Structure formats: C-alpha cells, structure tokens
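The structure displayed is predicted, hence computed values, not measured ones. Every number for a ligand or one of its atoms is a count from 1 in the order of the listing. Atoms considered below: every heavy atom in the structure, side chains included; atoms not considered: hydrogens, waters and symmetry mates. Along the sequence shown, the residues carry numbers beginning at 1.
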Amino acid sequence: MSHVITAPAPVAIPVAGGGTFPVRRIYCVGRNYAEHAQEMGHSGREPPFFFMKPADTLVPVADGETGAIDYPTLTANLHHEIELVVAIGTGGRDIAAADAARHIWGYAVGLDMTRRDLQNDMKKQGRPWEIGKAFEQGAPIGPLVAKAQTGELLQGAITLHVNGTLKQKGDLADLIWNVNETIEQLSKAWVLQPGDLIYTGTPAGVAAVVRGDVMEGAIAGLPSLKVAVK
Ligand code: MN
C-alpha cells in the first residue's frame with residue numbers, strides 16, 4: 001500500500017560523536033524541583049505528573065552552534081525552562097526505579113519553552129495545556145550523549161543564562177522525583193519505547209524571553225545548548 005500523501009519527515013536528533021537518535025514521543029515532567037514548584041504556587045512532594053510535546057516540536061542544535069526559534073504566536077509571555085532530557089533506549093512497562101538506569105540510552109540539555117500566559121489561562125479554566133506547551137519549535141535540544149560515555153547523571157549543576165545573565169540554577173540532585181523514579185512512575189501510565197525522550201523538569205528561575213534574546217543552557221557533563229529567539 002502506498003501513502004496517499006507525502007509522509008511526514010521522521011524526527012531524529014544528533015548524537016555527540018556521530019549518528020542520530022530517532023524520536024518517538026516526548027514526555028515532560030511538571031514541577032520537579034522544589035523551588036520551582038514553590039514559585040509556581042505549590043509545595044511538598046506531590047506525585048509527579050506528565051504532559052507531552054509532539055516529536056516534531058524539537059529543534060536540534062549542534063554542539064558549539066547557536067540555534068534559533070521564532071517567537072511563537074498568540075503569546076506575550078514566552079518562558080524558558082532548562083531541563084535534563086533522558087533518552088530511552090530500551091522500552092518497557094512497570095519499570096522499577098532500581099531497574100530504570102538500564103533503559104536509558106543517553107542524555108541531552110533541553111528547553112521546555114512555554115507560552116505561560118496561555119498555560120495559565122488553560123489551568124484557570126481546567127482545560128488541557130497543549131496550547132501552552134506543545135507548539136512549533138517549543139522543544140530545543142542539544143546533542144545527545146550516550147550514557148555509556150557520561151555514566152548515570154544523578155547530580156551536577158543545571159543552569160540557564162539569558163544574554164549572559166544567570167536566570168535559572170539548580171542541581172540534578174535536587175529533582176523531587178529523580179530520573180529513575182520518574183521512569184518508574186511514567187512507565188506505570190504509558191509503555192515506554194526506544195526513541196522516547198523525557199524532559200525531566202526545570203529548576204527555579206523561569207522567566208520571559210523576548211525577540212533578540214540568546215539563551216544558554218548547561219548541565220555538568222553535557223554539551224551546552226545555545227538558542228536565539230528571533
Ligand atoms: Mn518543564
């Protein structure tokens with residue numbers, strides 16, 4: 001059987017050192033650092049919750065290059081959220097936290113860009129968040145690095161600078177639900193598959209960017225991610 005329209009291009013992100021990683025789904029974790037949960041008006045260790053972005057919202061940026069995103073439509077409050085991204089190499093369901101690490105292929109630095117005004121409107125009305133999160137070019141990502149190269153990333157600084165000024169700062173050790181626990185919870189709700197990415201949540205300091213701003217995200221042990229807003 002032949003397709004009746006041209007098939008959409010498959011989505012893949014570059015791997016440091018060569019090759020590409022084909023992407024199936026992007027899962028995102030909400031409010032996963034205590035200080036950020038507080039700045040969003042919450043406290044305590046509530047169970048993790050998840051949302052998704054379409055794979056084709058990824059904007060891959062090569063190591064040492066400055067990527068670019070267009071300022072999105074419908075918003076006047078585009079926020080940066082710097083996040084550790086985990087790439088799943090081996091799928092599964094009901095994965096125990098103690099067994100989760102072997103399902104990880106690698107890691108990258110990602111930005112969960114957010115139309116905060118639209119997200120807040122939807123929250124207020126009890127409606128889905130997609131319009132605030134799942135928009136074009138909403139998921140810039142740096143090169144993926146194999147876990148075989150980095151080892152398990154359990155701690156280390158995570159920062160975001162905008163135009164050279166420090167805006168977000170945290171440590172992977174401060175994740176409310178660490179990567180292994182996140183995989184355990186996520187795989188109760190969905191069957192993880194090779195090619196899935198998990199944006200693991202952002203530390204405190206989220207704020208708006210405007211056209212002309214340059215964001216630079218960094219996580220200890222990974223290539224940084226530099227993105228300009230056009
Ligand atoms: Mn986020």
Tell me whether Lys188 is salt-bridged to Asp94, with the criterion being a basic N under 4.0 Å from an acidic carboxylate O.
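Asp94 and Lys188: not salt-bridged.
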Can a salt bridge be assigned to the pair Glu81 and Arg116 using a cut-off of 4.0 Å between side-chain N and carboxylate O?
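Answer for the salt bridge query: yes.
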Does Gly138 offer a backbone N or O that forms a donor-acceptor pair with the side chain of Lys53 under 3.5 Å?
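Confirmed, Lys53 side chain pairs with Gly138 backbone.
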Do the ring centers of Trp129 and Phe49 come within less than 6.0 Å of each other?
yes
Quick one: report the N, O or S atom of [X] that is nearest to the Mn ion (ligand 1).
{"X": "Asp112", "answer": "OD2"}
{"X": "Glu83", "answer": "OE2"}
{"X": "Glu81", "answer": "OE1"}

